[in-house]
A.B. asks: 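The structure's right below; bear with me while I get my questions together.
In this text the structure is predicted, and so the values were computed from the model without any measurement. All chains are named by letter (A, B, ...) in the order of the sequence lines, taking the proteins before the strands, and each is independently numbered beginning at 1.
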There are 2 protein chains.
Amino acid sequence: MKASQFFIATLKEAPADAEVVSHQLMMRAGMIKRLGAGIYNYMPMGLRVIRKVESIIRDEMVRAGAVELLMPVVQPAELWQETGRFDKMGPELMRVKDRHDRDFIIQPTSEEVVTDIARQELRSYKQLPKNFFHIQTKFRDERRPRFGIMRGREFTMKDAYSFDRDATAAGKSYEVMFAAYKRIFDRFGLTYRAVAADTGAIGGDLSHEFQVIAKTGEDAIIYCPTSDYAANIELAEAVAPATPRGAATQALTKTPTPGKSTCADVAALLSLDLKQTVKSLVLATDELNEAGEVVKSTVWLLLLRGDHDMNEVKVGKVEGLKNGFRFANLAEIDEHFGSKPGYLGPVGLKKPVKVIADRSVAVMADWVCGANEPDFHYTGVNWGRDLPEPDLVADIRNVVEGDPSPDGQGVLAIERGIEVGHVFYLGTKYSKAMNATFLDETGKPALFEMGCYGIGVTRILGAAIEQNHDERGIIWPAAIAPFQAVICPIGMDRSAEVKAAAEALYAELQAAGVDVLLDDRGERPGAMFADWELIGVPQRVVISDRGLKAGTVEVQGRREAAATPTPVAEAAALVKARLSA
Amino acid sequence: MKASQFFIATLKEAPADAEVVSHQLMMRAGMIKRLGAGIYNYMPMGLRVIRKVESIIRDEMVRAGAVELLMPVVQPAELWQETGRFDKMGPELMRVKDRHDRDFIIQPTSEEVVTDIARQELRSYKQLPKNFFHIQTKFRDERRPRFGIMRGREFTMKDAYSFDRDATAAGKSYEVMFAAYKRIFDRFGLTYRAVAADTGAIGGDLSHEFQVIAKTGEDAIIYCPTSDYAANIELAEAVAPATPRGAATQALTKTPTPGKSTCADVAALLSLDLKQTVKSLVLATDELNEAGEVVKSTVWLLLLRGDHDMNEVKVGKVEGLKNGFRFANLAEIDEHFGSKPGYLGPVGLKKPVKVIADRSVAVMADWVCGANEPDFHYTGVNWGRDLPEPDLVADIRNVVEGDPSPDGQGVLAIERGIEVGHVFYLGTKYSKAMNATFLDETGKPALFEMGCYGIGVTRILGAAIEQNHDERGIIWPAAIAPFQAVICPIGMDRSAEVKAAAEALYAELQAAGVDVLLDDRGERPGAMFADWELIGVPQRVVISDRGLKAGTVEVQGRREAAATPTPVAEAAALVKARLSA
């Protein structure tokens, strides 16, 4: 491609609404252009990256035995009513009526449609396993679209759906996809982690997020640097402490802590380690009658070490809290504790509550908690002596750096990531709701065991940039760069030698299969170099009269501080070798 | 690709709602699957064809200097309000509100968005010409979706938009696109015509439809077999007859024609040539005041030869009728003619009307028309003697077979076509409405001269099948076939020789760059052959034990009645040669 046949539109300044660096750089590099909130035009430079990402995904999906089809953007509501999602999904599901007042949705995902295809087309176990995928435009009406195409409303996604005869076969399909995803992300050239994730109501351990590592990532990734363990914060287990509870050494003492309503403040006031304090969180669950009215509420007290945070997903797995919970209201707190928040604790309750202690709290001795009296805390609290053992001990907190790894192979570290892929075992959730069956070997109808596998195609661009950029611009991995190499001739208009050398190298690189752009715009060197550093093309070759006199051109990788003078005849080979490295 | 890694799902019977052969065959071949009215899943076999069509289009568009981008499916209403199309377009424009109750549309086309991009990005004449295109999902909420993907609601289209500094440059961009379209349709391997079409209010002659020739086509294509002339029926000119009007030889005679209200009935009753009769069509135009109320109506009498049909587009170009017209109501007819329809004519009017005679009528002598009295016609009518010369003589009829070609190179013929592409000079219609300007050489803002260029990607499939099929199924041109060749091994499971030969040929054809499928499903020969004849793969190679004993395989083109026994070692070369032919 020559620049004169293409469209390059860089900006000096990013628009004010671009909050994150990938959004700023994509706008400045002319890769995207805002059309509305969360809706972007993919400009020619950005579309090239999207096509390369799609191509790698398609290639590996097909290699893994998945079959590509294309399901519509606009889908009839009927199928979504079968699974209940038409009503259950919130306003992020874009609903639309046609001229006959019939309901449709703009697809955010295609479980319903693909399950409808499967129940019609896959009639026998002999047709299984089968994995259908498509790469299609999706729409989610985010309440607050932001971060450019990282959290846009219209975006491109690859979603695949596997159909299997039983859970074992589904597990195999899952493994095949997991391996394909690793190949895909390896080929992207991005640093990533496959992170175990929560499977929610489905159960099992077949859910992994593919996280692109970036300091600016929204998600915390828990991993063990000395083993393969990696999980997201929702799932990562805080294992029970190895050391048992110590003996009580202090007396229970009510201590004045005026105005100190947080563990941190209390610890500072009393010159104690924050790890000696216990925070009290009061939850409530409601029992409803058939009319949906609350007939009974139960109050729960969760105890966490002062330096730990509650993990809502884990709490949601505790027996009794599985069907949903809420924070208790002030009346309920007063009824059970006789105090206001900030000074609550498990000692001397006004009315009994269910007490759930985090594993860390269950092994503490001589600890500190609220005294259920404003401006007072207890110190020297000890289980058994000062209060009954907790009703339940459970893992209800987020892990922190330094926690032991659940695999016993070291301690946990935390880094930030951007979720760009997800593989997930669905079980029979959709096949059951839609009565999607096939005939098994005995001739009886059986529900499909399903899996779903997504990659946010357009999101990859944002994640790649968050991971790979510097103060001058984007640094694309070669596999997904809009161009792999750019030839920058200086004074191409005036110098026949420069022009000839540029054209020759261009032809040579093209013949070598390098996706190369010849910048024939006639820009000044400074502006030209700044453009390509901003756009982030991996290899640049500068051709000038001065260089040619010495028989060289200058080859420079985007991450390199200086150019390498290279004999003209060797330039193409060097560029090619660097791209293949 | 091997069949076992793919998805083949043929049907014996087409669904009852499939009205046309392409729809029936696509459903039976498992290429599409209905999801809702006018909304289809593109199944793996169909998607392969779509991708090949897209690839040819993309290739030639880029070669012609167009730059690909991607504009969103869901577009904010604001831009559509700028051009007025948000309100002006009928219910086929799918409107949708987001969670904040803001208006959006699901794009049926992207003039507004691309013009918005141009007015921001193309600031100088130096950036022109520029042609942006995308291949994107579109939605038109057709009142009556039908013919499968030929008139669906969701479909894929390539649309390109050119931006130029003046009309001359726009004409050049148009020519470049016209040439690119010819290359695209040539590469598809379809029989087509580029047909001159009406430019409506824009004027000029820069509008062509690309019509795929098919007996079942909706459109009449007018062409001259002995020259390059081709136009659609709306545009094709009925040139003025070369022979002048003859002298009157008959007396004006009022003749009883009881119950004979059509020209055909009158001609039959009077044993006259239909070409001697004249039909009267009564139109009316309304003048409105500022409040939109009708302040004055004018009645027009159009005279056409009995064997001719009115052409509404041509009538709409007649001075006085350009701003819209309607058929006159019965009261207006009675007021001016004193008779009921079926017996109207220009002789002996009750109240004057504007008389417009078609060119053919203006040269007639001794003709027949209604006598403005029920059950009576005049015969022997002659201009000048029996009635004044017409107020206007114009081309207001559809051409018929045998009419002289407007280029003077022969006579016109008519065939049927399916419109799958359109190139169109837009002028400043959109740039004016959206104030889209660039700075010209003098530094002054000037409106872009635009063109738009569409190809119905998914429609191509239907059109290709309407043109190329037989009683056994589809006959794809090699360039857009889902697979170019299929290997059908007979008894692959039992015969190691057959299996080895099939795998060897498969590898050989793949290495030769042939898009080949190896049918390893183990189907019986009859079912297997029927599938591939239905699906329409251009070249088939049957490998059997019997053939191998003679050292041959059977190569058969989809259009051939019999197979060609071919030495094993020559099979790949023969297939390759036939595909390249």
A.B. asks: Just by distance, do the side chain of D141(A) and the backbone of D98(B) share a donor-acceptor pair under 3.5 Å?
C.D. replies: no

A.B. asks: So which of Q127(B), R95(B), Q120(B), E78(B) has the largest heavy-atom pair count under 4.5 angstrom toward chain A?
C.D. replies: Q120(B)

A.B. asks: Can you tell which part of Y40(A) gets under 4.5 Å to a heavy atom of chain B, answering side chain, backbone, both or neither?
C.D. replies: backbone

A.B. asks: Between K130(B) and F6(A) (side chain of the first, backbone of the second, donor and acceptor by atom type, cut-off under 3.5 Å), is there such a pair?
C.D. replies: yes

A.B. asks: Please look at M45(A) and chain B and tell me whether the side chain, the backbone, both or neither of the residue comes under 4.5 angstrom of a heavy atom of that chain.
C.D. replies: neither

A.B. asks: What option among I39(B), V73(B), I50(B), V62(B) has the most heavy-atom pairs under 4.5 Å with chain A?
C.D. replies: V73(B)

A.B. asks: Let's test your reading of the structure: which of P91(B), G65(B), P72(B), P76(B) forms the most heavy-atom pairs below 4.5 Å with chain A?
C.D. replies: P72(B)

A.B. asks: Is the backbone of P44(B) close enough, under 3.5 Å, to the side chain of E68(A) for a donor and an acceptor to pair up by distance?
C.D. replies: no

A.B. asks: Please report the interatomic distance CZ(R521(B)) to NZ(K126(A)), rounded to the nearest 0.5 Å.
C.D. replies: 13.5 Å

A.B. asks: Let's test your reading of the structure: which of H134(A), M71(A), R143(A) forms the most heavy-atom pairs below 4.5 Å with chain B?
C.D. replies: R143(A)

A.B. asks: With a 4.5 Å limit on heavy-atom distance, are the side chains of M94(B) and K97(A) in contact?
C.D. replies: no

A.B. asks: Looking at V113(A), V114(A), D116(A), L69(A), which one forms a side chain to side chain contact (heavy atoms under 4.5 Å, CB included) with N41(B)?
C.D. replies: V113(A)

A.B. asks: To the nearest 0.5 Å, what is the distance between CD on Q5(A) and CZ on R63(B)?
C.D. replies: 12.0 Å

A.B. asks: Evaluate the side-chain proximity of L35(B) to Q75(A): yes if any heavy-atom separation is below 4.5 Å, no if none is.
C.D. replies: yes

A.B. asks: List the steps, then state whether salt bridge (charged side-chain N to carboxylate O under 4.0 Å, His left out) holds for E142(B) with R99(A).
C.D. replies: CA-CA 9 Å; E142(B) 294 274 353; R99(A) 65 194 292 154; over 6 Å; no

A.B. asks: Checking heavy atoms, do the side chain of F7(B), its backbone, both or neither come under 4.5 Å from chain A?
C.D. replies: both

A.B. asks: Can you tell me which portion of L93(A) sits under 4.5 Å from chain B's heavy atoms? Options are side chain, backbone, both or neither.
C.D. replies: neither

A.B. asks: Taking L47(B), L79(B), T137(B), L70(B) one by one, which has the highest count of heavy-atom pairs under 4.5 Å against chain A?
C.D. replies: L70(B)

